[in-house]
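Structure record follows, encoded as structure tokens.
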Amino acid sequence: MKRYSLFSNPANLSGFRVTVASSGRSVFVPPGCSILDVLLRAGIKVPFNCGDGKCGVCEVRVVRGTPDHRDSVLTEAEKAGNRSIIVCCSGSLSSELVLDL
């Protein structure tokens with residue numbers, strides 16, 4: 001599992017949960033890990049390409065929760081709307097994110 005300083009967030013030092021809306025399945029994302037890596041490791045399929053938050057292939061709709069946007073794909077208005085997240089590089093400001101997967 002990749003660990004990036006990019007995912008360090010003082011607001012969420014203990015990690016967070018990601019729940020898949022369609023199945024209710026939930027996984028824990030530890031501090032320093034990407035949502036994408038944790039989902040893939042759990043066998044949850046997510047399309048991706050670059051892994052650096054630059055291409056947008058791994059954009060997923062947010063059902064509930066507050067993303068910590070770290071990508072260079074979404075506009076500032078899109079980030080402020082919190083309706084989607086680039087899961088390869090972004091985290092969570094809330095204790096749980098529910099994603100439309």
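Every heavy atom of this structure was used, including side-chain atoms; hydrogens, water molecules and symmetry mates were not.
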Intermediate values then yes/no, side-chain contact (heavy atoms from CB on, under 4.5 Å), Val18 and Val38: CA-CA 9 Å; Val18 170; Val38 171; over 6 Å; no
Chi angles and distances behind the side-chain contact (heavy atoms from CB on, under 4.5 Å) call for Asn82, His69: CA-CA 9 Å; Asn82 288 327; His69 299 284; 3.0 Å; yes
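Atom CZ of Arg83 sits about 14.0 Å away from atom CG of Asp100, to the nearest 0.5 Å. A distance of 13.5 Å separates CZ in Phe48 from SG in Cys89, rounded to the nearest 0.5 Å. Here CD1 of Ile86 is found 13.0 Å from OG of Ser34. Values are rounded to the nearest 0.5 Å. The line from CD1 of Ile44 to CG of Leu101 is 7.5 Å long, rounded to the nearest 0.5 Å.
Annotation for Gly53 and Cys50: closest pair N-SG, 3.6 Å, computed over non-hydrogen atoms. Of all heavy-atom pairs between Ile85 and Gly91, the closest is CD1-O, 3.5 Å. Here the shortest heavy-atom pairing between Pro31 and Ser14 reads CG-C, 3.8 Å. Residue Ser94 comes nearest to Gly65 through the heavy atom pair OG-CA, 3.5 Å, listed as atom of the first residue, atom of the second, then distance. Residues Ser26 and Thr19 approach most closely at OG-OG1, 3.4 Å, considering heavy atoms. Between Thr66 and Leu97 the shortest heavy-atom distance is N-CD2, 3.6 Å.
Contact of the Cys88 side chain with the Cys58 side chain is registered, since non-hydrogen atoms from C-beta on lie closer than 4.5 Å. Between Lys79 and Asp71, some side-chain heavy-atom pair lies under the 4.5 Å cut-off.
Hydrophobic clustering, with ILVMFWY side chains joined whenever heavy atoms are under 4.5 angstrom apart, groups Leu99 together with Leu40. By the rule that hydrophobic residues join a cluster once side-chain heavy atoms approach within less than 4.5 Å of another member, Val87 and Phe16 end up as members of one cluster. Val46 is connected to Val29 through a chain of hydrophobic side-chain contacts under 4.5 Å among Ile, Leu, Val, Met, Phe, Trp and Tyr, so both are in one cluster. Val62 and Val73 are members of different hydrophobic clusters when ILVMFWY side chains are connected at heavy-atom separations under 4.5 Å.
By the salt bridge (charged side-chain N to carboxylate O under 4.0 Å, His left out) test, Glu78 pairs with no residue at all, sequence neighbours left out.
Legend: salt bridge (charged side-chain N to carboxylate O under 4.0 Å, His left out) pairs involving residues 16-27, not counting sequence neighbours: none detected.
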